[in-house]
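Each chain gets a letter, A, B and so on, in the order its sequence line appears, and its residues count up from 1. Values reported hereafter were calculated over all heavy atoms of this structure, with side chains retained and with hydrogens, waters and symmetry mates removed.
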Amino acid sequence: MEIRSIRGMNDILPEDSILWKQVRDTMHYVLGSYGFREILIPVLEETRLFQRGIGETTDIVEKEMYTFEDKSGQSLTLRPEATASIVRAYVQHHLYASGKVEKLYFWGPMFRYERPQKGRYRQFYQIDVEAFGSNDPTLDTDIIASLYDFLTTLNVPGVTIEINSLGCPNCRPAYHKALKAYFSDKIDKLCPDCKSRLVRNPLRILDCKVETCHELALKAPNIHEFLCDTCKNHFQGVQSYLEDLHIPTRLNPMMVRGLDYYVQTTFEAVSENLGAQNAVAGGGRYDGLVKQLGGPDIPGIGYAMGMERLIMILQDIRKEPLSWPCDLFIATLGDKARRYGITLASKIRKEGKVCEFSYEPKSLKALMKLANRLNARFTAIIGEDELQRKEIVLRNMATREQTTLPVDDTLTEKITGLLDG
RNA sequence: GUGGGUGUGGCUCAGUUGGUUAGAGCACUGGGUUGUGGCCCCAGAGGUCAAGGGUUCGAGUCCCUUCACUCACCCCA
């Protein structure tokens, strides 16, 4: 019986993984330029980390976590997101003691038990970016800029950064109250989901896609009329700095993030060509989270980017698929040639070239086909005839030009020279 | 959790009102070219038609059940 991968968990095969590699290379390069440093965190955490960090009443915690008991009876959870873990690590290792703004990034799989669809899987990969230790709008700006930079470096088309401010524990309660008052009158026009949202988290009604709810939401009280002076000034700072950097943003007062820890600045990067799941990245400020998870009262801000969604966009705009590189294919005919060829391959690789080898004995015609399939730029042909004459043939696969090279001490050097030339 | 769509060689799909040996293109292997790839020509290999049950003289085709994939809702990256 054939064993298949389980639902919502996909293999990423080499023809696709080359693009993933390109994205990760760009990640290291762009985030590195902002001074972000990489952190690696475990896949498993204590369940209560997410309960406390993400919020007990969020969908993620209520119904989407992979939670189980280990052999000691402890409740563990496969991480559904990275922020809680990174905050935990930040607190656990006292990274706040360094006296600087700590800027961290991470790349890895996350797990949520949901029905899979386009751009949403049970094991999915996120790039996660977090910064701790400042509430200054310049940090919000740098964080958003790093996201924008990253996407534009990858040539992602049609990116908009939507931003909003959710206020803080000082001003949000008044807004909650106003929203509740507004929607309570119209409770019979709300969808069933929004009726329960009204009690639990009225902010979420603003995000509802049901048309009647959406229409009501358009006329609902605006968060920006309720922001306290601190939050108002903070948000104005962020907006004006982003303008200075020429980052295209769109204010979206209806944007509400789905995790409980967000305060003040929130943002999303949206792309047109994604279908229903159109957010490539999302994040915001979480000034109370470090304290809530047992650390000092240190502010933080960050975002998460969906790798699969990003890859989807990049595949859409790419005409020809990327392929893994191959500088040289060594085609050998006969045992003596194979013996010589395998050591030559080793020497070429030490020069930093990608070199493939004819492991299976085949006809030259078959070997040439193989070279073609490997996408080899050059093929070295080593046969009994050539070896007897102490030479090999180097063929440029694109131009079909062939050069005969003598087998001597300078051979490796000559080959790499031709590969570069 | 709810709804829609789809399951036929490795891949993309045809397959007529049910009718006897289930097809094509691409990919693969070999040959045409005894040691030279992409194009062309020829040949070959590869299928319990998702699984199980039912109707029928006869089922890839009709009915039922299950499973898988997929899109959307919900939610999120």
Looking across every strand, which nucleic acid part, if any, lies under 4.0 Å from [X] by heavy atom: base, sugar-phosphate, or nothing?
{"X": "A:Ala371", "result": "nothing"}
{"X": "A:Glu386", "result": "base"}
{"X": "A:Gln402", "result": "base"}
{"X": "A:Asp128", "result": "nothing"}

Pick the C1' atom in B:U8 and in B:G1, then give their distance to the nearest Å.
->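 To the nearest whole Å, 32 Å.
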Salt-bridge present (A:Arg339, A:Asp335; N to O < 4.0 Å) |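 No.
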Could you run down the sub-3.5 Å N/O contacts of the protein with nucleotides 37-46 of chain B?
from, atom 1, to, atom 2, distance (Å)
B:G37, O2', A:Asn372, ND2, 3.4
B:G37, N7, A:Arg395, NH2, 2.8
B:G37, O6, A:Arg395, NE, 3.4
B:G37, O6, A:Arg395, NH2, 2.8
B:G37, O6, A:Met397, O, 3.2
B:G37, O6, A:Arg400, NE, 3.3
B:G37, N1, A:Met397, O, 2.3
B:G37, N2, A:Asn372, OD1, 2.9
B:G37, N2, A:Met397, O, 3.2
B:G37, N3, A:Asn372, OD1, 3.1
B:G38, O4', A:Asn372, ND2, 3.1
B:G38, O6, A:Arg400, NE, 3.0

Nucleotide nearest [X] (side chain, heavy atoms from C-beta), chosen from [options]:
{"X": "A:Leu333", "options": "B:G35, B:C74, B:C76", "answer": "B:G35"}
{"X": "A:Arg115", "options": "B:A68, B:C73, B:C76", "answer": "B:C73"}
{"X": "A:Arg4", "options": "B:C69, B:A72, B:G35", "answer": "B:C69"}
{"X": "A:Arg204", "options": "B:U36, B:C76, B:A77", "answer": "B:C76"}

Could you check whether the side chain of [X] and the base of [N] have a donor-acceptor pair of N or O atoms closer than 3.5 Å, going by distance alone?
{"X": "A:Glu114", "N": "B:C73", "answer": "no"}
{"X": "A:Arg120", "N": "B:C74", "answer": "yes"}
{"X": "A:Arg309", "N": "B:C76", "answer": "yes"}

State whether A:Tyr113 and A:Arg122 meet the cation-pi test: NZ (Lys) or CZ (Arg) under 6.0 Å from the six-membered ring centroid, and within 45° of the perpendicular axis.
->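 Yes, cation above the ring, under 6.0 Å and within 45°.
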Check whether NZ of the Lys or CZ of the Arg A:Lys180 lies under 6.0 Å from the centre of the six-membered ring of A:Phe183 and within 45 degrees of that ring's axis.
-> no
Evaluate the ring planes of A:Tyr34 and A:Phe36, with Trp represented by its six-membered ring, and classify them as parallel (under 30°), tilted (30 to 60°) or perpendicular (over 60°).
-> tilted
Atom [atom1] of [X] and atom [atom2] of [N]: how far apart are they, to the nearest Å?
{"X": "A:Arg373", "N": "B:U29", "atom1": "CZ", "atom2": "C1'", "result": "10 Å"}
{"X": "A:Leu203", "N": "B:C76", "atom1": "CG", "atom2": "P", "result": "12 Å"}
{"X": "A:Ile205", "N": "B:C74", "atom1": "CD1", "atom2": "P", "result": "14 Å"}

Given that A:Tyr121 and A:Asn10 both sit by RNA chain B, which one's nearest nucleotide is further toward the 5' end?
-> A:Asn10
Strictly under 3.5 Å: I want the nitrogen or oxygen pairs between protein and nucleotides 6-12 of chain B, one per line.
none

